[in-house]
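Heavy-atom basis, side chains included; hydrogens, waters and symmetry copies ignored. Proteins get letters first, then strands, A, B, ... in listed order; numbering begins at 1 in each. Remember, predicted model here, so these are calculated numbers, not experimental data.
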Amino acid sequence: MTSASSPGSPRKPAWRSVSASCGSCEGIHMPSSAWAEALRASRNENTAKMKGKLEADVRSALIEEGKTLKAQIADTEEELKRVEEEYLRLGRTIPNYAHPDAPLGKDESDYTILRHVGTPPTFSFKAKDHVQLGEELDLIDFDTATRVSGPKFYYLKREAVLLQMALERYALDITLKKGFTPFITPDIAREEILMGIGFNPRGEESNIYTIEGMDACLVGTAEITLGGYYAGQVLDKKDLPIKMSGLSHCFRREAGASGQYSKGLYRVHQFSKLELFIYCLPEDSERYHNEILAIEEEIFSGLGLAYRVVDTCTGDLGAPAYRKFDIEAWMPGRGESGEYGEVTSTSNCTDYQSRSLSIRYKDDDGKNQHVHMLNGTAVALSRAIVAILENNQNEDGSITIPPALVPYTGFDTIKARS
RNA sequence: GGAGAGAUGUCCGAGUGGUCGAAGGAGACGGACUCGAAAUCCGUUGUACCGCUUGCGGUACCGAGGGUUCGAAUCCCUCUCUCUCCGCCA
């Protein structure tokens, strides 16, 4: 399903955590559409015979023939529609290939750590987690949000509001310097777009909120709205790459997710995120994947946070992803005495999404080819706030603002409340 | 939200049931004329998919989706968008 510009062979879908086949369905689908086309050709031929003046009995014979054809076409098209739906449904269960260098493995424990950057801070006192910090400094109110909206919602208050906005602008400015066009996207998208990007909006395990009475969902990420932007279009080769940087709210059902590792702001139903998205030529996608990762690293190292870069294993890749890198920032309040927690994720989806969304460009021979599509987190605000609060806490209960954010916040410390 | 008008190819624009993939014009490209250019004249010029294959054949596409009919750009229904007027609103 893809062409990789990399040594070695792409990992076959067999290495993924799913199995699927629609070969048998294809064997029915192709002949059906050819037969429907042949019948339509007969109908058009029949129609063409009736153009001039005709004897009455010749005309009525042709009309009778047309009626027969009409019935056959109706039957065939009904069958074709049924087969086509099944074909597409099965097709969506087939994941992308995986990059030859992606680590082979079954689940998230089989990742490869590519590098560690920065040193986790040490504290001469017992470090608090962001939930406690947020409460003591009156920055985050989970309890009221639970009463007003439900569990896993939160109010940001006071300096936390300014901190979030500062982070947004700090990250946006970096992406602007890298040539990304800024967007604020809709927070709702049609189901067909969700499915084209590779999300399943329906079903028990879906992480997506659907909207009653509409064929639309709340987006879980701006990847959906940025990736849907050019759905159905043929792009000019000279306009590639297209680099977008989109801010949106993100809504996730997170059914069943709870416990120590999901506490506080780490896993919530609603957060804001600045997402990077690139449409490019197939031969360039690997290079741009590394570029997105480099921007993510620049954003997080610029905040003075220690992090590691993870190369996700084949079994833990989402269906559209050919390769995925995560950045995990050190979070002192996580686990017993601090652990790494995911703050960004960037995927090269090659032509997987562009095939289902039909996003193409005209190559030098005038043939339409599918573009490659990549996405990555610039900054997920809620998780960045977790990392900043926990890493920059002081013994007196105050929080030091990372110097890179001070021009945006206008203050350098969140003072302890007495 | 209410009333009315509209949506046709790169653009403008004709087309109210079969001879329409679609007149005419503009633009673009090729050619003639010219030392060259302009003007003029002649010709070519939509997209996607499929099959043989460098040309031809087939199918689909006149805002989108459904319907009527042997046959739909054309008739009917629904929706979307644009314009005008009224109402409402950040």
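Of the P atoms belonging to B/G4 and B/A90, the separation is 28 Å, rounded to the nearest Å. A distance of about 36 Å separates the C1' atoms of B/G1 and B/C11, rounded to the whole Å. Look at the C1' atom in both B/A7 and B/C62: the space between them is 10 Å, to the nearest Å. For the P atoms, the distance linking B/G9 with B/A5 amounts to 22 Å, nearest Å. Nucleotides B/G36 and B/A26 are separated by 25 Å at their P atoms, to the nearest Å. If you take atom P in B/G66 and the same atom in B/A73, they sit 15 Å apart, rounded to whole Å. Rounded to the nearest Å, the gap between the C1' atom of B/G24 and that of B/U8 is 14 Å. Between B/A60 and B/U74, the two P atoms lie 15 Å apart (nearest whole Å).
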Task: Footprint string (nucleotides 57-74 of chain B, 5' to 3'): B base within contact, S backbone only, - free, heavy atoms under 4.0 Å - done: -BSS--------BBS---
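With hydrogens and angles disregarded, no donor-acceptor distance shorter than 3.5 Å links the side chain of A/Asp236 to the backbone of A/Lys238.
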For residues 164-179 of chain A, dump all side-chain donor-acceptor pairs below 3.5 Å to protein atoms at least two apart in sequence or in another chain.
unit_1	atom_1	unit_2	atom_2	d
A/Arg169	NE	A/Asp173	OD1	2.9
A/Tyr170	OH	A/Ile299	O	2.7
A/Asp173	OD2	A/Tyr408	OH	2.6
A/Thr175	OG1	A/Leu172	O	2.8
A/Thr175	OG1	A/Ser245	OG	3.0
A/Lys178	NZ	A/Glu298	OE1	2.9

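Under the Watson-Crick and G-U wobble criteria, each requiring two contacts below 3.5 Å, nucleotide B/U34 is left unpaired. With a cut-off of 3.5 Å on both pairing distances, B/C88 has no Watson-Crick or G-U wobble partner at all. Base-pair partner of B/U68: not found among the strands shown (Watson-Crick or G-U wobble, both distances under 3.5 Å). Both distances falling under 3.5 Å, in either a Watson-Crick or a G-U wobble arrangement, occur for no nucleotide opposite B/G9. Figure legend. B/A14 is base-paired to no nucleotide; pairs are counted as Watson-Crick or G-U wobble with both atom distances under 3.5 Å. When both pairing distances are held under 3.5 Å, B/U47 makes a Watson-Crick or G-U pair with B/A60. Remark: B/G55 base-pairs with B/C52. Criterion, Watson-Crick or G-U wobble with two distances under 3.5 Å.
In this entry the distance linking CG of A/Leu235 with P of B/A48 reads 14 Å, nearest Å. Atom-to-atom, CD of A/Gln233 to C1' of B/U47 comes out at 14 Å; the value is rounded to the nearest Å. Residue A/His370 contributes atom NE2, which lies 13 Å from atom P of B/A48 at whole-angstrom precision. Spacing between atom CG of A/Asp215 and atom C1' of B/U78 amounts to 15 Å, rounded to whole angstrom units.
Residues satisfying the side chain to side chain donor-acceptor pair (under 3.5 Å) test with A/Asp239, not counting sequence neighbours, are none. Applying the salt bridge (charged side-chain N to carboxylate O under 4.0 Å, His left out) test to A/Asp57 and every residue at least two apart in sequence or in another chain returns nothing. A/Ser345 meets the side chain to side chain donor-acceptor pair (under 3.5 Å) test with A/Asp326; sequence neighbours excluded. In this structure A/Phe325 satisfies the ring-ring contact (aromatic ring centres under 6.0 Å, His included) test together with A/His289, sequence neighbours excluded. Partners of A/Arg417 by salt bridge (charged side-chain N to carboxylate O under 4.0 Å, His left out), not counting sequence neighbours: none found. Take A/Gln270 and apply the side chain to side chain donor-acceptor pair (under 3.5 Å) test, not counting sequence neighbours, and it matches no residue.
Residue A/Lys367 places no side-chain N or O under 4.0 Å from the OP1 or OP2 atom of B/U47.
Within the 6.0 Å centre-distance limit, the rings of A/Tyr229 and A/Phe183 are counted as a close aromatic pair.
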Return the polar atom pairs (N/O with N/O) between nucleotides 7-11 of chain B and the protein under 3.5 Å, or none.
none

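Side chains of A/His99 and A/Glu286: a donor on one and an acceptor on the other come within 3.5 Å.
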